[in-house]
Participant: 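Provided herewith is a single structure, encoded as structure tokens, for subsequent inquiry.
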There are 2 protein chains.
Amino acid sequence: MSKNLEDIARLAGVSRSTVSRVINGHPHVSELTRRRVMEVVKREGFFPNPAARTLVTQRTRVLGFITPQALPDVFADPYFPALIQGISSTANQYDYALMLWLGEGTEEEERFYHRIRQTGLIDGVVVASVVDDDPLIAHFVEDRFPFVLIGPPPREGLNSIDIDNRHAARVAVEHLIHLGYQRIGMITGWLKMPSARARLDGYRDALRMAGRSASDSRIAEGNFLEPSGYMGMKMLLHQDVDAVFCASDTMAVGAMRALHEERLRVPDDVALVGFDDLPISAALSPPLTTIRQPIRRLGSVATEALINLLDGALATPYHVLLPTELVIRGSCGALLKR
Amino acid sequence: MSKNLEDIARLAGVSRSTVSRVINGHPHVSELTRRRVMEVVKREGFFPNPAARTLVTQRTRVLGFITPQALPDVFADPYFPALIQGISSTANQYDYALMLWLGEGTEEEERFYHRIRQTGLIDGVVVASVVDDDPLIAHFVEDRFPFVLIGPPPREGLNSIDIDNRHAARVAVEHLIHLGYQRIGMITGWLKMPSARARLDGYRDALRMAGRSASDSRIAEGNFLEPSGYMGMKMLLHQDVDAVFCASDTMAVGAMRALHEERLRVPDDVALVGFDDLPISAALSPPLTTIRQPIRRLGSVATEALINLLDGALATPYHVLLPTELVIRGSCGALLKR
DNA sequence: ACTGATTTTGGGAGCGCTCCCAAAGACAGG
DNA sequence: CCTGTCTTTGGGAGCGCTCCCAAAATCAGT
């Protein structure tokens, strides 16, 4: 069907090897033949067969993106499209293709792992949303399979790209403290995930540094999703909070729903700060004060790091913390108090 | 590094060919040798090299998912994670891997197309969010490259999975008519996309069938995204509408924001109906009345169809319309009037 | 025991590429 | 003109698999 190297060689009046050299940009090809070959290649629309290439080079030029915990609800978060876009566009930019693996529980992980480790499907992988002791990570480490994490690394010595969750959370809570709120609660993320714990730590840091006792009674454990924000807020209302820090914007939406239902006003009765700065957050009423994290960039930087890793050009372990930003809108009350 | 067929053959005391037959489930292998070989395969954790396989079979067992118009904002819609999940889980189920290509404008399309058509990267592709005269589609058709569309097919004879956009939109608008609204407006999607036009047609159908003139002055052209919902609503307020049908929930969120800003109440001053039934829609205040479409299933069914197509087991052209459902919540006023 | 049909097994060829090595050509310098 | 060096080119081997064909083994039926 499609032409192969030999065909192109014949058409250009040279040998297979020469065509290969031209295509791969190797030296030691005279300018004349190079041009002649390139012309035929272009005219015939020739592309080297990736499978044949892979068979000999042991490289696929395909990257993977894995989310072990892409449970239906978790993955519905607009966080992921942004992340995927960052990864995809960077991969394309470097002429890599992108393969996707959405895990839906541990049983599936083992299958992923097997399909991935068999040399020849992908060269390396970007991993997001890992939980503690994810067996996938252990496997990759053991097999020395190249990977980069997005999020806090669950152990030492791994390559990771992240934001400083703890610091960002502290900034968010300090903002509430400075505004004068006295009984600040928190709705946490899914505490099996390191990022959720880091945000909780940041909340405690802020209270401690302000000389307040961080009573655990004002902490509601959530799971990053809307319903858990709703439930968490319902719970916290019994604790008489006057402000709540939510570990995700999605939960803040749920919290807002609970407050509306109780006919409580935001921020007058309860102030709210979220985390993520999703597109909808600015459109809520009131607009949500939140921590903006550069989701697309997280994906981009991770992908770039992975590609460098594959090229042996990454000093490992590699760690990057991308900056976050407190975005002040209506839900924290700062705009009213001015 | 990793073992190959020959190694396994040696360990099992048989020939390469026999191992190949066992692995591929071919007949004419005695039960005894089959068991012996399987044992060695399992013990050694052997997987056949996909590149080598592809080289001879011309099949990759990889599927592609393409969104030519994955512009940063468009793709941020929670619609896509759901779609991708449906595709991904079905692909996994049939033991296919999934490759992702997010287009960001036509310039990139050509590159995609070239990377894809070179035999050996993927076997077929699921395409979503095409615009009219998408050159990608033309290329695929010309090359007889297997693909299945999600959404309305831009021309005859293509395989597609979709919902009945026109009918669903009519149902939504008829609902508003029955509730007694007199000046029903619409905020449309991006009219370059066939689905957006179909929804507009449905809106007109409903008005016409109710004997009303569908004045175009009550139609605001949007692009499916939040800001265009906001803008659209601002515009429609000058037309004195008492109800608005939005072609996406995301735009309904924008519309709601505009109404809040004008201190108008939903549904008392202006009733609202959306389209999609995103997770957040139930959490808005008031909760959004909307058309629910089975997004995950759309992805699943398309993937299944594609796999059948690859197996030559699909009667083409193949068309499926999945059912939609009017979900009545607070924003249309139906719950108040009871 | 011998023949022929049938089941089971082994080995060669080849998929399309890269890489290595050797051959050929170009070019100085004596 | 010949030799040695350097650049450019060609062809063989081999990556790991599947598929085809032929050889070997098994099994009936005389």
Side-chain angles (χ1 to χ4, degrees), chain A residues 1-38 40-41 44-62 95 97 114-115 117-123, chain B residues 1-38 40-41 44-62 95 97 114-115 117-123:
Chain A
M1 184 75 49
S2 179
K3 293 211 161 31
N4 64 20
L5 261 195
E6 203 91 42
D7 298 327
I8 301 300
R10 202 172 323 108
L11 290 170
V14 295
S15 77
R16 187 170 32 101
S17 304
T18 301
V19 179
S20 174
R21 271 187 285 262
V22 170
I23 286 183
N24 294 293
H26 287 190
H28 303 309
V29 180
S30 75
E31 199 43 42
L32 192 74
T33 42
R34 152 166 276 112
R35 256 206 293 276
R36 192 149 35 101
V37 170
M38 280 308 274
V40 178
V41 165
E44 301 292 327
F46 172 76
F47 276 92
N49 180 315
R53 258 185 163 167
T54 296
L55 191 55
V56 34
T57 59
Q58 307 282 44
R59 290 281 226 112
T60 60
R61 266 199 114 73
V62 177
D95 214 39
H114 285 303
R115 290 211 65 177
R117 69 157 251 171
Q118 38 173 317
T119 301
L121 253 187
I122 56 181
D123 293 340
Chain B
M1 183 77 50
S2 179
K3 294 214 162 28
N4 65 19
L5 261 194
E6 204 91 43
D7 297 328
I8 301 299
R10 203 174 319 109
L11 288 170
V14 295
S15 77
R16 185 170 33 103
S17 305
T18 301
V19 178
S20 173
R21 272 187 283 261
V22 170
I23 285 183
N24 294 294
H26 287 189
H28 302 309
V29 180
S30 76
E31 198 45 42
L32 192 73
T33 42
R34 154 164 275 113
R35 256 206 294 276
R36 193 148 36 103
V37 170
M38 281 307 274
V40 178
V41 166
E44 302 291 328
F46 171 75
F47 276 92
N49 180 314
R53 258 185 164 167
T54 295
L55 190 56
V56 35
T57 60
Q58 308 282 43
R59 290 282 226 110
T60 60
R61 264 201 115 73
V62 177
D95 216 38
H114 284 303
R115 290 212 63 177
R117 70 157 249 172
Q118 39 176 315
T119 301
L121 251 187
I122 56 181
D123 292 340

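Keep in mind that the numbers below use all heavy atoms, side chains included, and drop hydrogens, waters and symmetry copies.
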Participant: Report the distance from atom CZ of A:R21 to atom CZ of A:R16, rounding to the nearest 0.5 Å.
Facilitator: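 Reported to 0.5 Å precision, the distance equals 10.5 Å.
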Participant: With the side chain counted from C-beta on, respond yes when A:T18 and A:S15 share a heavy-atom pair under 4.5 Å apart, and no when they do not.
Facilitator: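 Result yes, sub-4.5 Å side-chain heavy-atom pair found.
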Participant: Would you mind telling me which of C:dC17, C:dT7, D:dT9 lies closest to the side-chain atoms of A:P48?
Facilitator: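 For A:P48, the side-chain atoms sit closest to C:dC17.
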Participant: Identify which one of B:L5, B:V37, B:V40 satisfies the side-chain contact (heavy atoms from CB on, under 4.5 Å) criterion when paired with B:F46.
Facilitator: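 Only one option passes, and that is B:L5.
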Participant: Nearest whole Å is fine: how far is C:dC15 P from A:D7 CG?
Facilitator: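 Rounded to the whole Å, the gap is 11 Å.
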Participant: Less than 4.5 Å apart, side chain to side chain, heavy atoms only: is that true for B:L121 and B:V62?
Facilitator: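 B:L121 does not reach B:V62 side chain to side chain.
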Participant: Between A:E31 and B:I23, name the one whose nearest nucleotide on DNA chain D is closer to the 5' end.
Facilitator: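 Taking each residue's closest nucleotide, the earlier one in sequence belongs to A:E31.
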Participant: Write down the distance between CG (A:L5) and P (C:dG14), rounded to a whole number of angstrom.
Facilitator: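 Those two atoms, CG and P, are 18 Å apart.
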Participant: Sequence neighbours excluded, which residues qualify as side chain to side chain donor-acceptor pair (under 3.5 Å) partners of A:T57?
Facilitator: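 Testing A:T57 for side chain to side chain donor-acceptor pair (under 3.5 Å), a comparison that skips the adjacent residues, returns none.
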Participant: Can any side-chain N or O of A:N4 pair as donor or acceptor with the backbone N or O of A:E6 at less than 3.5 Å?
Facilitator: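 Side chain of A:N4 to backbone of A:E6, a donor-acceptor pair under 3.5 Å: yes, one is there.
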Participant: Return the polar atom pairs (N/O with N/O) between nucleotides 19-23 of chain C and the protein under 3.5 Å, or none.
Facilitator:
none

Participant: Could you give the CZ-to-C1' distance, from B:R53 to C:dG16, as a whole number of Å?
Facilitator: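 Checked: the CZ to C1' distance equals 19 Å.
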Participant: Side-chain N or O of A:S30 versus OP1/OP2 of D:dT9: is the shortest distance under 4.0 Å?
Facilitator: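 Result: yes.
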Participant: With a non-hydrogen cut-off below 4.0 angstrom, is A:T33 in contact with a base, only sugar-phosphate, or nothing?
Facilitator: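 Sugar-phosphate contact only - A:T33 comes under 4.0 Å of backbone atoms but never of a base.
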Participant: Give a yes/no on whether any side-chain N or O of A:N4 is located under 4.0 angstrom from OP1 or OP2 of C:dG16.
Facilitator: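 Affirmative; the distance criterion is met.
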Participant: Whole Å only: how far is the CG atom of A:L55 from the P atom of C:dT18?
Facilitator: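 Taking CG of A:L55 and P of C:dT18, I get 11 Å after rounding.
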Participant: Once you round it to whole Å, what is the distance between C1' of D:dC15 and NZ of B:K3?
Facilitator: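 Answer to the nearest Å: 17 Å.
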Participant: Taking the side chain as everything from C-beta on, heavy atoms only, tell me whether A:D7 gets closer than 4.5 Å to A:E44.
Facilitator: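 No; the side chains remain at least 4.5 Å from each other.
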Participant: Describe, as an angle rounded to 10 degrees, how the axis at the first end of the helix from C:dA1-D:dT30 to C:dG30-D:dC1 is tilted relative to the axis at the last end, five pairs per end.
Facilitator: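 Rounded value for the end-axis angle: 50°.
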Participant: On a heavy-atom basis, which atom in B:R61 and which in B:D123 lie closest, and how many Å separate them?
Facilitator: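 Closest approach of B:R61 to B:D123, heavy atoms only: N-OD2, 2.8 Å.
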Participant: Nearest whole Å is fine: how far is C:dT9 C1' from B:R34 CZ?
Facilitator: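 Rounded to whole Å, this separation is 14 Å.
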Participant: Over how many whole Å does the gap from B:N49 atom CG to D:dT18 atom C1' extend?
Facilitator: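 After rounding, the reported distance stands at 13 Å.
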